[in-house]
Amino acid sequence: PPAGSASPPPAAVSAAPPPTGDVTVTAQGIKFLEKTFTAPADKPFTIVLDNQAAGIAHDIDLIDASGAKVADNKPVVGVSAVVYDIGALPAGTYTYICSLHPIPDMTGTATLK
């Protein structure tokens with residue numbers, strides 16, 4: 001072929017780095033791998049939901065001691081990650097749960113202090 005007619009090599013494909021946050025909860029199948037986390041009280045924080053369940057939607061909602069939902073987050077479908085922004089909450093113990101699969105394997109305890 002004439003000089004300069006060769007195709008350039010394909011560009012390397014780089015995967016986007018996973019999102020970061022104050023805490024990470026991983027969903028694998030119908031189960032949260034982390035059963036507890038600690039986050040700051042009285043100031044906003046972030047939760048990364050790392051959904052490793054292909055084709056399955058998950059979310060993380062926070063429930064206070066009275067049973068009131070204090071964070072209602074949108075689901076993420078399939079293998080991907082999302083960062084949830086959580087507003088300032090008082091110190092205490094909260095339940096986090098996948099509202100789509102409210103079973104013991106998809107429930108954990110968040111301690112804010």
Side-chain angles (χ1 to χ4, degrees):
S5 69
S7 298
V13 177
S14 62
T20 58
D22 295 305
V23 297
T24 298
V25 176
T26 306
Q28 200 169 66
I30 309 282
K31 178 181 182 179
F32 285 145
L33 298 184
E34 296 81 11
K35 298 306 284 179
T36 64
F37 71 75
T38 302
D42 302 315
K43 68 181 218 177
F45 65 96
T46 56
I47 301 171
V48 175
L49 172 57
D50 182 8
N51 186 1
Q52 296 297 313
I56 302 173
H58 294 299
D59 67 359
I60 294 178
D61 292 343
L62 290 173
I63 301 166
D64 70 13
S66 75
K69 190 179 287 189
V70 295
D72 186 6
N73 293 297
K74 294 187 185 289
V76 58
V77 180
V79 178
S80 60
V82 65
V83 178
Y84 295 130
D85 292 313
I86 308 298
L89 295 170
T93 301
Y94 297 78
T95 298
Y96 64 92
I97 190 163
C98 174
S99 67
L100 305 169
H101 307 101
I103 61 174
D105 277 349
M106 297 220 74
T107 303
T109 302
T111 303
L112 275 53
K113 55 184 179 175

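- Closest approach of Ala27 and His58 over heavy atoms only: CB-CD2, 3.5 Å.
- To the nearest 0.5 Å, atom CD1 of residue Ile47 and atom OG1 of residue Thr24 are 9.5 Å apart.
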Quiz: residues 106-113 side-chain donor-acceptor pairs under 3.5 angstrom, not counting sequence neighbours:
| residue | atom | partner | partner atom | Å |
| --- | --- | --- | --- | --- |
| Thr107 | OG1 | Ile103 | O | 2.8 |

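- To the nearest 0.5 Å, atom CG of residue Leu89 and atom CZ of residue Phe45 are 5.5 Å apart.
- In this structure, Val83 belongs to a hydrophobic cluster whose other members, linked by side-chain heavy atoms under 4.5 Å apart, are Val48.
- Sequence neighbours left out, not one pair with a member in residues 74-86 passes side-chain hydrogen bond (donor to acceptor under 3.5 Å, both in side chains).
- Minimum interatomic distance between Tyr96 and Leu62 (heavy atoms only, all atoms of both residues): CB-CD2, 3.6 Å.
- Atom CG of Leu100 is separated from atom CG of Asp59 by 4.5 Å, given to the nearest 0.5 angstrom.
- Of all heavy-atom pairs spanning Asp105 and Ile30, the tightest one is CB-O, 3.6 Å.
- Closest heavy-atom contact between Ile86 and Asn73: CD1-ND2, 3.9 Å.
- Formation of a donor-acceptor pair under 3.5 Å by the Asp50 side chain with backbone atoms of Ala81 is not found in this model.
- Closest of all the heavy-atom pairs between Pro102 and Ser99 is CD-O, 3.7 Å.
- Ile97 and Val77 are not part of a single hydrophobic cluster, where members link through side-chain heavy atoms under 4.5 Å apart.
- No donor-acceptor distance shorter than 3.5 angstrom exists from the side chain of Asn51 to the backbone of Ala57, with no hydrogens or angles considered.
- Taken from CD in Glu34 to CD in Gln28, the straight-line distance is 9.5 Å, to the nearest 0.5 Å.
- Remark: Lys35 NZ is packed, more than 12 non-hydrogen atoms of other residues, nucleotides or ligands lying under 6.0 Å away.
- Separating the CD1 atom in Ile60 from the CG atom in Asp72 is a distance of 12.5 Å, to the nearest 0.5 Å.
- His101 NE2 to Ile56 CD1: the interatomic distance, rounded to the nearest 0.5 Å, is 6.5 Å.
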